[in-house]
Amino acid sequence: MNDANALAVSHGLEHIRQILLDESPDALEKKTKERREGLPELPNATTGKVVLRFAPNPNGPLSLGHARGVVINTEFARMYDGEVILRFDDTDAVVKPPDPEAYALIEEDFTWLAGRAPDRILRASERMEVYLEYAAKALTENHAYVCECTGDAFKEFRISMSECPCRSRSTENNMALWSQMNDGAILPGGAVIRIKTDMSLSNPALRDWPALRIQHADHPMVADRYKVWPLLDFQSAVEDHLQGVTHIVRGKDLMDSTRKQTLLYEKFGWNYPETLYWGRVKVFEFGGFSTSQMKLDIAAGQYTGWNDPRLPTIRALRRRGYDAGAMRKFWIDLGLTQKDISVPMSTLNSLNAKAVDAEAPRLSFVRNPRSINLDISEIELTKVTLPIHPEHPEKGVREWPLEEGTINVKIDRDDFSTHEPKRLKDFADIGIHHEKTVKGWTGEVIRTERHGNTPIIHWLPSNMAQPAVLLLEEEGELVAAAGLLEVNDYSDGTVVQLERMGFAILEGVEADGARRLVQLHS
RNA sequence: GCUCGCGUGGUGUAGCUCGGCCCAUCAUGGUGGGUUUUCAUCCCGCUGACUCGGGUUCGAAUCCCGACGCGAGCACCA
């Protein structure tokens, strides 16, 4: 190599190229660094044998943050023709109690986002017998012990790297206490099961970590049948093994959890799944995603419900008309880095606009209508013809019939306030008399052909206008903006583009008959 | 305090395993222009980054050491 470099200096690179060409041409073939598309490869993955899981706490529907877990896991499953388990980790009825309705909501959110149902659905609360059995196994095999210390007391042992006296309890004694825990004889806080690791481990988080604790609260699914409940590290570890999970992809805040669980796996002689992590994500507009906080805010009346358009829940986004494919691409593009990142909604919106634009029919919506009587006696037209989609003429046209003489048109108050001539889109240049007459505001057509660059505004003839409200967020407030929508027969759920305003979805009809739309994004 | 992880343009991201193809990819944003009877979509141009300091090497975004910064865990939450 040194010789080669010396040669390069003395004879030039071209000289070396010639030598290589003569002696071993394949050395010149460049191994091109290709840009990787999508997710990276899963380590030790065999097509058809991959099992992944998504394990939320069912205390509310899924948020945009959870979407990452759903998308990444289902995408890996798609890449390797594997399975995804939806597992409800509902083992805490006290701090973050399960919401009985959340199970169905989450399943629905998952299916919408993944485009398919989960391959298996599990509820930890229905698997309690299994977990308790493994806890007993850990105790009898001396891998765990009943610890009666308070949290604070144990903290001292953890910091000083010394063993708690409970640790040396005999197996018989452990089993007796275990029975009392399960009987309800020992009250919450009175005892906890700890896994025997090693108190001299350099990572304090791993020192004799707690695996199960006592909770006497009424669990919404299984009531008070169980007194002892596993903590995440134990429940998840046991279940992942039993379900044959091959790969775990989760937040990096769970890195120590992996290490704790690996220690348990070693005791049981199991092999821990391959584990990948992602970092923390914030979306500028929403900050973090706290389901419990949203729940409180909804209860306090700050939001109308889980699908309030201001909320970052999947159902709120879905209600607004976001495309599941765009949301998937959004998370796949962010990838699997362990960096803590903060992304703006505009990135998602950009992907989403590309996804919905081609299919969104154009409609006119006049938000703050001002009525003008327009003299059209000088023109011959009997109707205005507008494309349903400017780039897809095959989708057909919209036709607005025009009466003879004078027609009544609606334009936005903001457009009215400027005095220059303006062009009613796809119709004509008009002049407005800004003096109110007994017949109201009046105006006249200047010409119908396009001439110059008269500012174009959107409008509606009153015979094509129906009352409507557009739900949108303005400065954190949910505003129901009243206006007039072009008469149409699109069904609810259709994403439309309101010309000059942005995308919206048709949602239903108000009590007073007005058509309701929800703004998607601009 | 202990332990772990992460630092590439405004925001994300590829490249890092195995140093040369990297005066660094793609997207988004910003900006200028084109198409367009929408402030949409589409197209084109411009913009802008390897945290810092050492070391190894002919050669470092890539390997090593250190510093600094950010984040997480050390819960009877998930």
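Small disclaimer: the values here were computed from a predicted structure and weren't measured. Residue numbering restarts at 1 for every chain, and letters A, B, ... go by the order of the sequence lines.
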Margin query: Both distances below 3.5 Å, Watson-Crick or wobble geometry, any strand: find the nucleotide opposite B/rG9.
Written below: none
Note to self: For a quick check of understanding: with a heavy-atom distance under 4.0 Å over all strands, which category does A/Ser342 fall into, base, sugar-phosphate or nothing?
What the structure shows: sugar-phosphate
Next item on the list: Specify whether A/Tyr265 and A/Tyr272 have parallel, tilted or perpendicular ring planes, treating 30° as the upper limit for parallel and 60° as the lower limit for perpendicular.
Entry: perpendicular
Next item on the list: Report yes or no: is there a donor-acceptor pair, N or O only, under 3.5 Å between the side chain of A/Arg280 and the base of B/rA72?
Entry: no
Notebook entry, point to check: Do A/Trp278 and A/Trp331 make the cut of ring centroids closer than 6.0 angstrom?
Noted result: no
Checklist line | Nearest-nucleotide 5' precedence on RNA chain B, A/His389 against A/Leu201 | finding: A/Leu201
Item checked: Identified pairing partner of B/rA60, criterion: Watson-Crick or G-U wobble below 3.5 Å -> none
Next item on the list: Just name whichever nucleotide pairs with B/rG66, Watson-Crick or G-U, keeping both distances under 3.5 Å, else none.
Entry: B/rC52
Note to self: Work out how far the C1' atom of B/rC44 is from that of B/rC6, and round it to whole angstrom.
What the structure shows: 38 Å
Check: Any N or O donor-acceptor pair linking the side chain of A/Gln497 to the base of B/rU38 at under 3.5 Å?
Finding: yes
Margin query: So, taking the atom named CD1 in A/Ile195 and the one named OH in A/Tyr145, what distance separates them when rounded to the nearest 0.5 Å?
Written below: 9.5 Å
Item checked: Residue closer to the 5' end of RNA chain B, A/Pro390 versus A/Ile341 (nearest nucleotide) -> A/Ile341
Item checked: A/Asp340 side-chain proximity, nearest of B/rG71, B/rC74, B/rU38 -> B/rG71
Next item on the list: Go ahead and name the base partner of B/rA14; Watson-Crick or wobble counts if both distances stay under 3.5 Å, otherwise write none.
Entry: none
Check: With both distances under 3.5 Å as the test, what is the Watson-Crick or G-U wobble partner of B/rU3?
Finding: B/rA72
Check: When all nucleic acid strands are considered with a 4.0 Å heavy-atom cut-off, which category describes A/Ile457: base, sugar-phosphate, or nothing?
Finding: nothing
Check: Counting only distance, no hydrogens or angles, is the base of B/rU37 paired donor-acceptor with the side chain of A/Arg450 under 3.5 Å?
Finding: no
Next item on the list: Measure from the ring center of A/His458 to the ring center of A/Phe365 and say whether it is less than 6.0 Å.
Entry: no
Next item on the list: Take atom C1' in B/rC52 and the same atom in B/rC70, then report the distance between them in whole Å.
Entry: 15 Å
Margin query: Determine whether a donor-acceptor pair (one donor, one acceptor, N or O, separation below 3.5 Å) exists between the side chain of A/Lys96 and the base of B/rC77.
Written below: yes
